[in-house]
There are 2 protein chains.
Amino acid sequence: MKRTTLKDLANALDLTESTVSRALNGYADISSRTVERVQSAAVELGYKPNQNARRLATGVAEAVAYVIPQNHSSLAEPFVSQLLQGIDDSVSRRGWDLLVSHSRSAEDEAEKIHRLITSGRVGGVVLSRPFRNDARIKLLQKANFPFVVHGRSRISNSYAWYDIDNKLAIKTAINHLVGLGHRRIAFIGAPLYYNFSYQRLEGYKKALADNDIPWDESIVEITEMNDDSGESAAANQLDSEQPPTAFMCVSDTQAIGVLAAIRARGLTAGQDVSVIGYDGLKIGRHTNPPLTTMSQPQAQSGRELADMLLAIIDGDDPTKHQILKRAELVLRKTDGPARANNYH
Amino acid sequence: MKRTTLKDLANALDLTESTVSRALNGYADISSRTVERVQSAAVELGYKPNQNARRLATGVAEAVAYVIPQNHSSLAEPFVSQLLQGIDDSVSRRGWDLLVSHSRSAEDEAEKIHRLITSGRVGGVVLSRPFRNDARIKLLQKANFPFVVHGRSRISNSYAWYDIDNKLAIKTAINHLVGLGHRRIAFIGAPLYYNFSYQRLEGYKKALADNDIPWDESIVEITEMNDDSGESAAANQLDSEQPPTAFMCVSDTQAIGVLAAIRARGLTAGQDVSVIGYDGLKIGRHTNPPLTTMSQPQAQSGRELADMLLAIIDGDDPTKHQILKRAELVLRKTDGPARANNYH
DNA sequence: ACATTCGCCGAAAGCGCTTTCGTAAAATAA
DNA sequence: TTATTTTACGAAAGCGCTTTCGGCGAATGT
């Protein structure tokens, strides 16, 4: 089954390829009668332009890539997949395609990006989980290739980004906890080369200071962003001499692990010890108990990111597109007053 | 920053484009000395072939697409995202790209597939959640385009697929329940145009028959595959005259909703009423209580699917690739003996 | 009546790469 | 030494589409 090409169409209509092409692409110098003939013949013969040829000729890719950092991340994370959904929404509305790129090593990463931007396969990329100092961003900038980043690196004035005010979010959560009487609040963080992770830790520090709570390194844990890591970090803390009365986690998946550790010790979250997650995953409504969390709508983020990227590809100034949103505290069941007496 | 092209390379080396091209692609008629020169010059000048041009010339796409049906499905589902992860694993190992295509309406769906296969953008597609009677499969077959499907449609002898024995899986679960003394087992199903859904219902029927349990339509619910639907379906059942003592769900997400409904009534799953999910999602370990479920490893499925597809693109006979796996019952906490007296 | 603009389409080059074919020069055979 | 095979590369066509340019006939102007 051979595909019908431009030439086939032209022959069938007794026109030239160039005329048919222009008719299809809405050029003004084609009579409306011809345009109609061409269009109906096109659907009749099932003509679909060969994208490779088209892109070779025009230079526009009609596709964007989502690239996710190599380690500690997986396409299977709810965070990621929801974002993906949002990106796809926007991109496909324009008829473009979505490519996902997930590399497993750092060199692989740079290599993949380089390949992406030089191969002509995509017209732009959205970056996720930037590092504080992100080589990928530099690479993209140097190549002058359209991109947006979900989050920010340390220096963020020169490109497009969409971020949540991480510091504020954590401060909000901590203040809530303090309001509930907590003074000993553990922090379950993520690797600090992720800027969002760094910022959240900053927020934690700031919130402590604001509330005259001394910094205590022994109750901050830096872990991978999954449930198992959250669980063992919490286990650490709960089994210590002076366990915290609350946990602030930088992700819901970690918080879910924390919850497991709490249950495993016969305690109940929200009563014996509080925990606040981060992400607002839907699944949090069904954990045991339902998870209080800082919520940021990922799918919406994805859509906005894609829209920004598309605009930039169309020529917009990237620095015009810098959006800072705030996370929202959604109260469920894992926050509660600090126990007057500790559970020990 | 202009990208370096084949011609640039050729000029720099004082060779022809054709020679350089063949040197890079491992043709035998190039002296090893020249090959070396070309290769080092290539990395030095950062040469990356323009994929569009390359694909135009060769006709091979070096990319595959994952397409997911329009309704009742989202990229954000754990099921989907884990599969995606697996596909990406295999595909990227070969240096190919992964495209995701998620359409929102049925016409859109056919249109997208047609576009996919004629546009030359991808060399093959993996289909998910086939319908009993799946127009996409027919389209792909008619076009003689490489594809594999995750699951099967009603007639499945003529193409490549990777499936779990749905019927067996449900029978296994039901038998387990019956062994626990349950006789009144509700079935929380999915829309029956999905073949997997149909098969699972068949399994349910068969298991009932095997155990001399009469079929009772009033305790089978067909719902969307999300937690909310599961919850309201379970609510229905629990509030009925003669509530079931157990729930068999065709997905973990539904099961999670069922658990919520159970909790909401002051009952506890695994004691007052049993529930078995399907998928083996990791999150099931953290539900309240942890969810007993039929597990199928999605990431692994993704890898195998991709490998099959790649082989088929390379010329393998699709019908050689038909893999049937079995799901595994993973016992957690939501299955338990049927209560002698009902909880009413 | 002529010149002039406009509408509409064909011709042709080019996007960057692959691949077949032909052919010098070098190596082997005679 | 001459004839034959190899070796190593260049020439050229082609993949399917876009886009600029040029020019014909028809419509307008004066």
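In what follows, every heavy atom counts, from backbone to side chain, and hydrogens, waters and symmetry copies are set aside. First the proteins, then the strands, lettered A, B, ... as listed; each starts at 1.
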| request: Give a yes or no on whether a donor-acceptor pair under 3.5 Å exists between the nucleobase atoms of D:dC9, that is its base, and the side chain of B:Asp29. | output: yes
| query | Taking atom P of D:dT18 as reference, at what distance in whole Å does atom NZ of A:Lys7 sit? | reply | 15 Å
| query | Taking the side chain of B:Tyr27 as its heavy atoms from C-beta onward, which of D:dT19, C:dT20, D:dG14 lies nearest to it? | reply | C:dT20
| task | Say whether B:Gln322 and B:Ser156, considering side chains only, have a donor N or O and an acceptor N or O under 3.5 Å apart. | result | no
| Whole angstrom value for the distance that separates P of D:dG16 from CZ of A:Arg3 | 8 Å
| query | What nucleotide among C:dG10, C:dT18, C:dG14 has an atom nearest to a side-chain atom of A:Ala57? | reply | C:dG14
| field | Distance-only donor-acceptor test, A:Arg22 side-chain atoms vs C:dG10 base atoms, 3.5 Å | value | yes
| request: Considering non-hydrogen atoms only, spot the tightest contact between A:Leu305 and A:Tyr162 and give its length. | output: CD2-CB, 3.6 Å
| request: Measure the distance from CD on A:Gln51 to P on C:dC15 and round it to the nearest whole Å. | output: 20 Å
| Approximate separation, where rounding is to 0.5 Å, of A:Ser90 OG and A:Met308 CE | 11.5 Å
| remark: When rounded to whole Å, the CG to C1' distance for the pair A:Leu6 and C:dC9 reads 15 Å
| query | What is the nucleic acid contact for A:Asn25, judged by heavy atoms within less than 4.0 Å: base, sugar-phosphate only, or nothing? | reply | sugar-phosphate
| task | Provide, to the nearest angstrom, the distance between the CG atom belonging to A:Leu24 and the P atom belonging to D:dT19. | result | 13 Å
| said: So if I take every side-chain heavy atom of A:Leu56 and compare against D:dC17, C:dG10, C:dG16, which nucleotide ends up nearest? | reply: C:dG16
| request: For B:Ser18, report the nucleic acid contact type (base, sugar-phosphate, nothing); a contact means any heavy atom under 4.0 Å. | output: base
| message | So, OP1 or OP2 of D:dT18: does either fall under 4.0 Å of a side-chain N or O from A:Arg54? | response | yes
| Under 4.0 angstrom, heavy atoms only, what part of the nucleic acid is A:Ser31 near: base, sugar-phosphate, or nothing? | sugar-phosphate
| Closest-nucleotide ordering on DNA chain D, the 5'-leading residue of B:Thr34 and A:Thr5 | B:Thr34
| Expressed in angstrom and rounded to an integer, what is the separation of B:Leu13 atom CG from D:dG10 atom C1'? | 15 Å
| message | Can you tell me which nucleotide in C:dA11, C:dG16, D:dT19 comes closest to the side chain of A:Ser21? | response | D:dT19
| From C:dA11, D:dC17, D:dC9, pick the nucleotide closest to the side chain of B:Ile30? | D:dC9
| task | Heavy atoms only: give me the nearest B:Ala61-B:Val122 pair and the separation to one decimal. | result | CB-C, 3.3 Å
| task | Mind checking B:Arg55 for me? I need base, sugar-phosphate or nothing, with any heavy atom below 4.0 Å counting as a touch. | result | nothing
| When all nucleic acid strands are considered with a 4.0 Å heavy-atom cut-off, which category describes A:Thr19: base, sugar-phosphate, or nothing? | base
| said: Does the structure place the NZ or CZ of B:Arg152 under 6.0 Å from the centre of the six-membered ring of B:Tyr159, at an angle of no more than 45° from the ring's axis? | reply: no
| note | Separation of D:dT18 atom P from A:Asn52 atom CG, nearest Å, is 12 Å
| Over how many whole Å does the gap from B:Glu17 atom CD to C:dC21 atom C1' extend? | 17 Å
| request: Using atom types as modelled and distance alone, determine if a side-chain donor or acceptor of B:Arg115 lies under 3.5 Å from a backbone N or O of A:Gly95. | output: yes
| Under 4.0 angstrom, heavy atoms only, what part of the nucleic acid is B:Thr58 near: base, sugar-phosphate, or nothing? | sugar-phosphate
